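Heads up, the thing below is written out as structure tokens.
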Amino acid sequence: MSTPTCFSLNWIDGHIAHLVLSRPDQLNTMHPTFWRELDEILTQLHREGTARALVISSTGKHFSAGMALETFAGAISMDDQSPEGRAAIFDLLTDMQATFTKIESLRVPVIFAIQGGCIGGAVDMVTTGCLRYATADAFFCIQEINIGMVADVGTLQRLPKLVPFAVVKEMAYTGRRLPADRALAYGLVNEVFDTPEALLAAALQCAKEIASKPPIAIWGTKQAVTYARDHSVEDSLRQMGWLQGAVWSNAHVRESITAMKEKRAGQFTPLSPLQSFKELG
């Protein structure tokens, strides 16, 4: 993969991937290059299996101002003049949605560190994460309604799983900002910090704690909680039985207990790298 222009990817302690939105002068807005680079980075992280946690943070005044508005006038063609053109909008959105879904389906937990504005498409993005930390001046805004459209890349589907339904409706219908203190009260964010430095330190510390656990146990836990979100308790318990039968490791349990007693880091096998079927043979 070529060097990205919208992001920087760093590694901490060899196991924690830190992805940074790195276009603060343009408010880290999202355009086709942003989407392409993000998709490539997520695909690489998913396949390699080296990361045990991913922290996504940003730079500048705002986490992200969402979709670059000039994109609608140029790079993305939204033809509403024919049924064929409108059908193509469906396929275009499906492709964009798939990139953000890669965050949700990544084999490791994803932690967002959010400062300033998290606007429009940025809300679509952060709702795919496992944890969200924010600065006291952070706010969330479903900006799409303010520019005459429906939020369409995941906000209206994922946000109701995270905050009360009436709150989603208020945000989606009015375009009002949800400040960090209310986001904390509703459970959208896990904790609020006074400065971006404290925010990032907390996110990385959480990632470090996650990375100290057996990767396969973290993988299984993420599979289980994501499945439980969208299924009944009965179905989720049944899935848990199959899942535990697939990932149980006496060796990992012994090593975890021994490491705790000896007050040291545990030594665990990383996730296996993935290979595309098309690349075999």
Side-chain angles (χ1 to χ4, degrees), residues 6-13 15-24 27-28 30 38 41-42 45 51-66 100-143 154-155 158-164 167-168 171 177-213 218 221-222 225-226 229:
C6 301
F7 304 89
S8 63
L9 178 63
N10 309 299
W11 289 89
I12 299 171
D13 297 333
H15 296 303
I16 299 169
H18 181 199
L19 184 64
V20 184
L21 282 63
S22 58
R23 295 170 65 248
L27 302 181
N28 297 300
M30 303 171 174
L38 179 61
I41 291 168
L42 293 171
L45 291 173
R52 297 187 180 184
L54 170 62
V55 173
I56 300 179
S57 68
S58 190
T59 50
K61 181 179 180 180
H62 296 304
F63 177 81
S64 172
F100 281 173
T101 297
K102 286 187 177 184
I103 300 174
E104 187 173 62
S105 60
L106 198 67
R107 293 195 283 167
V108 300
V110 179
I111 304 168
F112 280 97
I114 304 159
Q115 91 286 355
C118 182
I119 302 165
V123 179
D124 293 305
M125 184 179 182
V126 303
T127 54
T128 64
C130 299
L131 304 172
R132 283 158 294 276
Y133 294 134
T135 53
D137 67 347
F139 64 87
F140 302 82
C141 176
I142 302 178
Q143 178 73 358
T155 288
R158 293 187 173 98
L159 194 58
K161 307 285 187 178
L162 300 170
V163 303
V167 176
V168 179
M171 294 177 66
R177 296 178 175 185
L178 180 73
D181 58 344
R182 286 184 64 197
L184 177 65
Y186 292 136
L188 178 58
V189 300
N190 296 75
E191 196 167 350
V192 172
F193 301 87
D194 291 333
T195 66
E197 293 78 16
L199 164 72
L200 183 57
L204 292 173
Q205 176 59 33
C206 183
K208 183 177 181 180
E209 293 177 31
I210 292 170
S212 71
K213 317 299 182 186
I218 293 293
T221 300
K222 183 174 182 181
V225 296
T226 301
R229 180 194 64 186

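Count residues from 1 along the sequence. Heavy-atom basis, side chains included; hydrogens, waters and symmetry copies ignored. Remember, it's a predicted structure, so these values are computed and weren't measured experimentally.
Note: Lys161 NZ to Thr226 OG1 = 11.5 Å, rounded to the nearest 0.5 Å. Note that the CG atom of Asp13 and the NE2 atom of His18 stand 13.0 Å from one another [nearest 0.5 Å]. A distance of 10.0 Å separates CD in Gln115 from CD in Glu197, rounded to the nearest 0.5 Å. Between atom CG of residue Asp137 and atom NZ of residue Lys61 there is a gap of 9.5 Å, rounded to the nearest 0.5 Å. For the atom pair CD1 (Ile210) and SG (Cys130), the distance works out to 7.5 Å, reported to the nearest 0.5 Å.
In the model, Thr101 has a side-chain atom that pairs as donor or acceptor with a side-chain atom of Arg158 under 3.5 Å.
Considering only heavy atoms from C-beta on, Val110 stays 4.5 Å or farther from Thr128 through its side chain. The shortest side-chain heavy-atom distance between Ile103 and Met125 falls under the 4.5 Å cut-off. Contact of the Phe139 side chain with the Leu178 side chain is not registered, since no non-hydrogen atoms from C-beta on lie closer than 4.5 Å. Contact annotation: the side chain of Thr221 never approaches that of Lys213 to less than 4.5 Å [non-hydrogen atoms, C-beta and beyond]. With a 4.5 Å cut-off on side-chain heavy atoms, Leu159 and Met171 count as touching.
Under the side chain to side chain contact (heavy atoms under 4.5 Å, CB included) rule, Val20 has a single partner from Asn10, Ile56, Val55, which is Asn10.
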### Task
Apply side-chain contact (heavy atoms from CB on, under 4.5 Å) to the pair Phe140 and Val163, showing each step before the final yes or no.
CA-CA 12 Å; Phe140 302 82; Val163 303; over 6 Å; no
### Message
Quick one, Leu200 with Phe193, criterion side-chain contact (heavy atoms from CB on, under 4.5 Å). Give me CA distance, side-chain angles, the key distance, then yes/no.
### Response
CA-CA 9 Å; Leu200 183 57; Phe193 301 87; over 6 Å; no
### Steps toward side-chain contact (heavy atoms from CB on, under 4.5 Å) verdict (Arg132, Leu162)
CA-CA 11 Å; Arg132 283 158 294 276; Leu162 300 170; 3.4 Å; yes
#### Entry: side-chain contact (heavy atoms from CB on, under 4.5 Å) evaluation trace for Leu19 with Leu54
CA-CA 7 Å; Leu19 184 64; Leu54 170 62; 4.0 Å; yes
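A side-chain donor-acceptor contact under 3.5 Å links Ser64 to the backbone of Asn28. Side chain of Asn190 to main chain of Tyr133: no donor-acceptor pair is present (N/O by atom type, distance under 3.5 Å, no hydrogens or angles).
Summarising the geometry of Leu131 relative to Cys206, their closest heavy-atom pair is CD1-SG, 3.5 Å, with the distance given to 0.1 Å. Residues Gly116 and His62 share a closest heavy-atom pair of C-ND1, 3.7 Å. Here the shortest heavy-atom pairing between Leu106 and Lys222 reads O-NZ, 2.7 Å. Taking all atoms of both residues into account, the shortest heavy-atom contact from Ala134 to Leu199 is N-CD1, 3.4 Å. Between Pro24 and Thr59, the shortest heavy-atom contact is CD-OG1, 3.3 Å. The shortest non-hydrogen separation linking Phe63 to Ser58 is O-OG, 2.7 Å.
Within 6.0 Å of atom NZ in Lys208, 12 or fewer heavy atoms from other residues, nucleotides or ligands are found, so the atom counts as exposed in its surroundings. With a 6.0 Å radius and a threshold of 12 heavy atoms from other residues, nucleotides or ligands, Arg182 has its CZ atom above the threshold.
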